[in-house]
Amino acid sequence: MANAGLQLLGFLLAFLGWVGSIVSTALPQWKIYSYAGDNIVTAQAIYEGLWMSCVSQSTGQIQCKVFDSLLNLNSTLQATRALMVIGILLGLIAIFVATIGMKCMKCMEDDEVQKMRMAVIGGVIFLIAGLAVLVATAWYGNRIVQDFYDPMTPVNARYEFGQALFTGWAAASLCLLGGALLCCSCPRKTTSYPTPRPYPKPAPSSGKDYVESTKVSSSVFGTYGI
């Protein structure tokens, strides 16, 4: 049986990972304008996220433009959006399921095995949510690397990893680690052996039976004149 402290630690790590995935999805710094090569103009910073692109001036003024058309976006951005949203929704479901299976909660106290199974199911859902976030961030990051090293990409159109991308990787790691710890509370299967059959006990002989058997023997011997 898993330790309650280990189970609580797994839930907290997974919950922090779920919060981090929400923050990563909302942040616009998924990729930041690169100043590699001859691009030494630092008067403004250009960065782009899943929902908008922003320009930050050196004076502190920030201007953002939300992406107008969903269908006009490239396939990588659309897939990343979908995977991040799926990961967040799965994480929300996992929180409710794992909360029921926590040992510190009063729910389902009568059935300990079923309660532990609920915690394991919540951990599995956390693992799936973490994988969705990890695939989304890794896919987006791989696209940035390909565009950066593509010789056909202009120097003034190259981007690097942003803070939101690192936040997404950390969130995915926390969800995976927390889900794995929750899965450690899986109930062990106990081997059931058949109950042994009791052997029949011989009935104790009473004195009355002995007297009756003696009388029967005497009558038989008297009949034959023995």
Side-chain angles (χ1 to χ4, degrees), residues 8-35 42-99 122-148 153 157-182:
L8 182 60
L9 177 62
F11 180 79
L12 290 177
L13 291 177
F15 181 78
L16 290 177
W18 177 71
V19 174
S21 62
I22 295 177
V23 174
S24 175
T25 306
L27 285 177
Q29 292 91 355
W30 276 68
K31 62 179 181 180
I32 301 177
Y33 182 71
S34 175
Y35 296 99
T42 59
Q44 62 182 10
I46 304 174
Y47 45 88
E48 184 178 317
L50 300 181
W51 315 98
M52 64 185 70
S53 60
C54 300
V55 177
S56 176
Q57 305 292 336
S58 58
T59 57
Q61 184 180 5
I62 300 177
Q63 296 178 350
C64 295
K65 182 179 184 301
V66 180
F67 298 138
D68 298 328
S69 175
L70 175 64
L71 300 178
N72 195 28
L73 302 175
N74 57 70
S75 59
T76 302
L77 187 56
Q78 292 180 1
T80 304
R81 276 186 177 184
L83 288 173
M84 292 300 293
V85 172
I86 290 174
I88 292 173
L89 294 178
L90 288 176
L92 182 61
I93 297 174
I95 289 174
F96 288 108
V97 175
T99 302
V124 172
I125 300 176
F126 269 126
L127 289 176
I128 299 175
L131 286 176
V133 176
L134 182 61
V135 170
T137 51
W139 193 352
Y140 195 93
N142 181 55
R143 185 65 180 178
I144 294 175
V145 173
Q146 289 181 353
D147 292 341
F148 186 86
T153 303
R158 295 180 180 178
Y159 289 85
E160 296 181 356
F161 297 152
Q163 293 87 347
L165 203 57
F166 293 104
T167 304
W169 284 329
S173 302
L174 290 176
C175 284
L176 292 175
L177 181 58
L181 292 178
L182 285 174

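Everything quoted here is computed from the prediction, not taken from an experiment.
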Search all heavy atoms of A94 against all heavy atoms of G122 and return the closest pair with its distance. CB-O, 3.6 Å

Y47 side chain near Y33 side chain, heavy-atom distance below 4.5 Å: no

Kindly indicate whether the side chain of K31, heavy atoms from C-beta on, has any atom under 4.5 Å from the side chain of F148. no

Pairs involving residues 10-30, ordered by first then second residue, that meet side chain to side chain donor-acceptor pair (under 3.5 Å) (sequence neighbours left out): none

Report the C-alpha separation of K65 and V55 in whole Å, then their side-chain angles, then the decisive distance to 0.1 Å, and conclude whether the side-chain contact (heavy atoms from CB on, under 4.5 Å) test is met. CA-CA 9 Å; K65 182 179 184 301; V55 177; over 6 Å; no

Would you compute the distance between atom CG of L8 and atom CG of L12 and round it to the nearest 0.5 angstrom? 4.5 Å

Less than 4.5 Å apart, side chain to side chain, heavy atoms only: is that true for L9 and L13? yes

More than 12 non-hydrogen atoms from neighbouring residues, nucleotides or ligands closer than 6.0 Å to CZ on R143, yes or no? no

So, taking the atom named OG1 in T80 and the one named CG in L73, what distance separates them when rounded to the nearest 0.5 Å? 10.5 Å

Would you check if F15 and L174 make a side-chain contact, meaning some heavy-atom pair closer than 4.5 Å? no

Shortest non-hydrogen contact between V66 and M52, atoms and distance: CA-CB, 3.9 Å

Tightest non-hydrogen contact, residues A79 and W139, listed as CB-CZ3, 3.4 Å

For L83 and V135, which heavy atoms make the closest approach, and how far apart are they? CD1-CG1, 3.8 Å

Using every non-hydrogen atom in the two residues, find where G179 and A14 come nearest and quote the distance to one decimal. N-CB, 4.3 Å

Please determine which of I128, V133, L131, V85 meets the side chain to side chain contact (heavy atoms under 4.5 Å, CB included) test together with L90. I128

Let me confirm one number: the CG-CG distance from L127 to L177, rounded to the nearest 0.5 Å. 9.5 Å

Does atom CZ of F161 have more than 12 heavy-atom neighbours, drawn from other residues, nucleotides or ligands, at distances under 6.0 Å? yes

When rounded to the nearest 0.5 angstrom, what is the spacing between CD1 in I46 and CD1 in I32? 11.5 Å

With a 4.5 Å cut-off on side-chain heavy atoms, are I95 and T99 touching? yes

Ring pair (Phe, Tyr, Trp, His ring centres under 6.0 Å) partners of F11, counting only residues at least two apart: none

Indicate yes or no: at least one non-hydrogen side-chain atom of P28 is less than 4.5 angstrom from one of W51. no

In sequence, state the C-alpha distance, the side-chain angles, and the governing distance for L134 and W169, and then conclude on side-chain contact (heavy atoms from CB on, under 4.5 Å). CA-CA 6 Å; L134 182 61; W169 284 329; 4.2 Å; yes

Can you see which heavy atom on L50 is nearest to which on M84, and at what distance? CD1-CG, 4.1 Å

